[in-house]
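Here's the structure we're looking at; comments come further down.
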Number of protein chains: 2
Amino acid sequence: MVPKKTKRIPRRVTPQPKLNKNDKLRIIPLGGLEEVGRNMIIFEYKQDIIIVDMGLQFPEEDMPGIDYIIPNISYLKGKEKLIKGVIITHGHYDHIGAIPHLIPRLGRPPVFGTPLTLGIIAKRQEDYKNGGKLDLQSVDSESKLRLGVFELEFFGVSHNIPGSLGVIINTPVGKIVHTGDFKLDLHPSGDTPTDLAKIAKLSDQNVLAMLSDSTNAPQPGHQFSEQEIMGNLEDIFRVTEGRLIIGTFASLLGRIQQIVELAEKYGRHIILDGYSMKTNVEIAQQLGYMKIKSNTLISYESMKKLPSNKLVILCTGAQGEGRAVLMRLANREHKKTRITKGDTVVFSSSVVPGNERSVQRLIDTLYREGAEVINYKMMDIHSGGHARQEDLKLMLKLINPQYLIPIEGNHSFLKIHAKIAIEIGFDPKNIFIADNGQIIEFSKQGGRLTSKKVPSEYVMVDGLGVGDVSSVVLRDRKQLAEDGMVVVIATIEGKTGRLIGRPDIISRGFVYMKSSQQLIDQTRNKVKDILKDREPKSSLNETYIKNKLRDDLGKFLFQKTERRPMIMPVIIEV
Amino acid sequence: MVPKKTKRIPRRVTPQPKLNKNDKLRIIPLGGLEEVGRNMIIFEYKQDIIIVDMGLQFPEEDMPGIDYIIPNISYLKGKEKLIKGVIITHGHYDHIGAIPHLIPRLGRPPVFGTPLTLGIIAKRQEDYKNGGKLDLQSVDSESKLRLGVFELEFFGVSHNIPGSLGVIINTPVGKIVHTGDFKLDLHPSGDTPTDLAKIAKLSDQNVLAMLSDSTNAPQPGHQFSEQEIMGNLEDIFRVTEGRLIIGTFASLLGRIQQIVELAEKYGRHIILDGYSMKTNVEIAQQLGYMKIKSNTLISYESMKKLPSNKLVILCTGAQGEGRAVLMRLANREHKKTRITKGDTVVFSSSVVPGNERSVQRLIDTLYREGAEVINYKMMDIHSGGHARQEDLKLMLKLINPQYLIPIEGNHSFLKIHAKIAIEIGFDPKNIFIADNGQIIEFSKQGGRLTSKKVPSEYVMVDGLGVGDVSSVVLRDRKQLAEDGMVVVIATIEGKTGRLIGRPDIISRGFVYMKSSQQLIDQTRNKVKDILKDREPKSSLNETYIKNKLRDDLGKFLFQKTERRPMIMPVIIEV
């Protein structure tokens, strides 16, 4: 499934063109500069394009029904043949999530990443029946790669998933560094530490521009080390007497590795629970990223033979997701076990904004079932995988670029990142805060944030539909959610325009019809009145009647209920 | 509008009955014990009932279209005449918000509170045309009140709105203390400090039970003092050179008072912006709770004559609310001014869970407009109004009750409150963690958490409807929000069951109809097929046909789109 490591892949060589001083490198971020998510950046030089990352963004709360958002690739239409490769910095969904949708539409360029990154990509591809095969090419921090005019090198970074890379892109106009998601953790867990020696060597190599992770730019100080987290987690292992149930992200492989080590140290066995958790661990183990003793992982069946203080259930659902393991445990819907008094449940990941209330409900239910709950508010057992302000300064000093392009974060994060750089003496003129789609140009004369923009509007994925949910559809969903809908069906004699029989009223999400008979009757009468009102001699103007029904009934129902259901008149002409 | 203060109101005296050792005091929390919000507790002794607080709860994210939730008062039906009074501890919506809906249904008992609390209640009542008049009776921390068998005293508490009270209820079976929302702030702003001397005297008065605020029970340590906040805010006033725009809750009158004082100290004038902000300040000023120099408050018109470093705009919208002042400023939709470079926007209230993403979007827009933004993550300029763990312990020691009943918070908060009490030696048997509706009984023999429950289900307010939005309606709204709906209209000849003409398909929130003609046509054909399939000789069974259309079309559309719109078949028989 996962391709073998290959080093030094001198492939797809295009003859090195003569450098014209007007030739420009264009850097075009298609996503990730106005949000956390859907990271994707184009590097284009004449007839060569490479892409770094191809991620998804989780939907905002005003996008009901949307699965996720992917980058808009309109700009690449017609340029598919120029795309020499896609580099994926690491295996998180905000960096890989758009691959199944976009790679087939981009002429299936090869995808480069570390074996773990590729393993996760390959596994996910299985969920997309029509996705086809991917051309996955393995690299590591020692690899060198030529893709068209671009010569690529890599450096390891610690994040919170092993196999994370930063990318050095040697272009005809200069050296560009893309940090990927990183933190500076001298004691990472599972991860390789950020390769400071290699990075520091860049400082005198005239790096033209650095694109640097801004996810945690609003946070002052240094990011916690995973070793500190390990200490906090170890405290829990040391004092807990009953069963330990630890919820975290399936993608936090570093954290999972820590928990495995602690379980082994404290003589506990682990039941892995949750499909994504299991497959990620399996891939990481297969590829040698994760070390687990042979008897550490057990099944629910073996659990019964062991005392509770020898057990850890390591599972998904720490964000309060409805169908994930923790919720099923809390709600007694889990087939293999249930929460009992004496269990300690640990939430070992920070809460994604928007999930706070679901997590709180989950915690309440766990308490009700008799568990002790340790969550991040009580003890810092979560750690971001991203550099904070002091780390960002250090990275900037080490790489010492001429230009800084803050990436990966909301607009305000980029601004704050810039502010930090200015604080340590970076020239404000050489910081480019771009929007999604905004073209940045570099030539031998220097860099420029142009005012040109390529399309970067949301492309929403909903079921099998990609980009087919328009703002109209979303607006309707929101209106339907607020106050429901009323369908009015009137049968009318075509010749006379006379109403036949009683109008039918159907509503959903508006009022409970069974207990609102009076309102329904009044509405029916109102429809009759509206239809009677018509000029008797005018012929049937369906559009006019429908609009009138919509307006007049809307007012009538608002006056009765102060709600604004969507009104859908249906005129049947017989 | 606001009634005058009255002290010692010996009213509604019922003859003191002889105490029977089997007579019981029942404490019934109707809300606030499984959530933060809709606080309302019944105290019932034989023929006398008093109620403390009557609040609303803001809806959860899975309740689209709901305005808010109020307590369920089924238990009080038929007991209206026994209700001797309603005590409101302070003027926040989670304590007063259900008054307009419930007071008219409870025989309009008198409502007691401090003048500020009553002022806010009276002002809000104006929004409810059919709410009628309230019987508002003013009390303060020195008042004594007899309501039926209950003798009431009060003590001042600091929270984050002036005029907050705790209540001492002398009952035939013993003394009950209800803390209200409180923190122990020795340097409050605007507020009176929590009356520790009066509280401490309770310790040797054999308090039977204490009902104590658990809102911040999960937070270790002591709550910040408003004085610390003042220091942080003052730092901002000291260094800011341009215009200051400060967003906060209109109900955080203590914070507003601080900002007024700092503005006056630093020679800035204040423009108050936001309806609720203005009316709250007006009420507080009128009643002497807030001191503002005569030339401090100015209008937008005077703003133009002053340099920006002499200005503060103090406004609502720090939660990212769509139509509030801050959002209108950010979106250039404000009629009087707009954000300009040099403005500093301060978010001076913590973000209510669920609002994080709206707040982030607002911050991004403000940065984009050129403002500097200081939000709570960067500097602690928000402070909860609630006791944290060490404060709770101190309160418990000072009041020294026989029983502890944690109130005001999610189930887990109550459990944590209990755990803290046990840590300092409180007898676990004497802590009652009740659910909403669960009856707690006290007699001369002691207290008991019974297993009896009165109704406490959500009563949802949506427009003019109170309690008419059922779970069915909500479920429909959620389904409509996810994937929209499809109405299928088929005209059928009654006698033959033959389809007449083409079936009509209307959809909203499912796919964009204009660009999905093919799918619509396929759906139409599918409908024809389904209708043809019927046994030719069977008579028209509308229910059967509708169910079949719903099921078969559902499967068909899911297969085509992986979406599950609500399908509504309409059969017109002619």
Side-chain angles (χ1 to χ4, degrees), chain A residues 34 60-61 64-65 218-220 353-354 356-358 360-361 363-368 373 377-378 410-412 415 462-465 468-470 472-474 476-485 487 489 491 504 506 508-512 515-516 558 560-563 566 568 570 572 574, chain B residues 34 60-61 64-65 218-220 353-354 356-358 360-361 363-368 373 377-378 410-412 415 462-465 468-470 472-474 476-485 487 489 491 504 506 508-512 515-516 558 560-563 566 568 570 572 574:
Chain A
E34 300 177 33
E60 303 287 335
E61 64 267 50
Q219 309 287 337
E356 290 80 2
R357 293 200 281 189
S358 319
Q360 184 55 55
R361 275 198 294 271
I363 291 174
D364 286 338
T365 315
L366 289 166
Y367 266 101
R368 213 171 263 285
V373 179
K377 276 183 189 158
M378 302 182 198
N410 290 64
H411 181 73
S412 57
K415 281 262 175 80
D462 180 4
L464 294 181
D468 71 330
V469 172
S470 62
V472 176
V473 172
L474 272 190
D476 287 349
R477 285 186 186 174
K478 281 183 272 184
Q479 193 189 345
L480 289 167
E482 281 294 308
D483 288 319
M485 44 90 78
V487 183
I489 304 127
T491 310
D504 260 327
I506 309 175
R508 292 287 184 280
F510 168 51
V511 293
Y512 190 49
S515 57
S516 310
F558 183 76
K560 288 283 174 192
T561 63
E562 291 197 359
R563 295 178 201 169
M566 183 182 284
M568 303 177 63
V570 177
I572 312 280
V574 292
Chain B
E34 299 178 33
E60 302 287 335
E61 64 267 50
Q219 309 287 336
E356 290 80 3
R357 293 201 282 190
S358 318
Q360 185 54 55
R361 275 198 294 272
I363 290 174
D364 286 337
T365 315
L366 289 167
Y367 265 102
R368 214 171 262 284
V373 179
K377 276 183 190 160
M378 303 181 199
N410 290 64
H411 182 73
S412 56
K415 281 260 175 81
D462 180 3
L464 294 181
D468 70 329
V469 173
S470 62
V472 176
V473 172
L474 271 190
D476 287 348
R477 286 185 185 174
K478 281 182 273 184
Q479 193 189 345
L480 289 167
E482 281 295 307
D483 288 319
M485 45 89 79
V487 183
I489 304 127
T491 310
D504 261 327
I506 310 174
R508 291 287 185 278
F510 168 50
V511 292
Y512 189 49
S515 58
S516 310
F558 183 76
K560 289 283 174 191
T561 63
E562 291 198 1
R563 297 177 200 169
M566 182 183 284
M568 304 176 63
V570 176
I572 311 280
V574 290

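Numbered from 1 within each chain, the chains take letters A, B, ... in sequence-line order. As a basis for the values below, the full set of heavy atoms in this structure was taken, side chains included, without hydrogen atoms, waters or symmetry mates. Predicted model only: the values in this text are computed from it and were never measured.
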**Top contributor to chain B contacts, counting heavy-atom pairs under 4.5 Å, from A:V570, A:D462, A:T491, A:I572** = A:D462

**Complete:** Heaviest contributor of heavy-atom pairs below 4.5 Å to chain A, chosen from B:T365, B:L464, B:D476, is B:L464

**Contact leader toward chain A among B:K560, B:E61, B:R361, B:Q479, where contacts are heavy-atom pairs under 4.5 Å** = B:E61

**Asked** Which atoms of A:S358 come close to chain B, meaning under 4.5 Å heavy atom to heavy atom: side chain ones, backbone ones, both, or neither?
**Response** both

**Fill in**
Turns out that what part of A:K415 lies under 4.5 Å from chain B's heavy atoms comes down to side chain

**Request:** Against chain B, label A:T561 side chain, backbone, both or neither, depending on which of its atoms sit under 4.5 Å from a heavy atom there.
**Result:** backbone

**Prompt:** So, for B:A481 and A:P64, which heavy atoms are closest and what is the spacing to 0.1 Å?
**Reply:** O-CB, 3.2 Å

**Request:** Select, from A:I489, A:L474, A:N410, the one with the greatest count of heavy-atom pairs under 4.5 Å involving chain B.
**Result:** A:N410

**Asked** For A:V487, is it the side chain, the backbone, both, or neither that has a heavy atom closer than 4.5 Å to a heavy atom of chain B?
**Response** side chain

**Non-hydrogen atoms of A:G484 and B:R477 that approach each other most closely** = N-NE, 4.3 Å

**Request:** Write down the atom of A:V473, the atom of B:F510, and the distance for their closest heavy-atom approach.
**Result:** CG1-N, 3.9 Å

**Prompt:** In terms of heavy-atom pairs under 4.5 Å, which option from B:S516, B:S412, B:G463 contacts chain A the most?
**Reply:** B:S412

**Prompt:** Just wondering, do B:M485 and A:M568 contact through their side chains at under 4.5 Å, heavy atoms?
**Reply:** yes

**Asked** Does a side-chain heavy-atom distance below 4.5 Å link B:Q360 with A:E60?
**Response** no

**Toward chain B, the part of A:R563 with a non-hydrogen atom under 4.5 Å** = side chain

**Request:** Check salt bridge (Lys or Arg N to Asp or Glu O under 4.0 Å) between A:R508 and all other residues, then give those that pass, not counting sequence neighbours.
**Result:** none

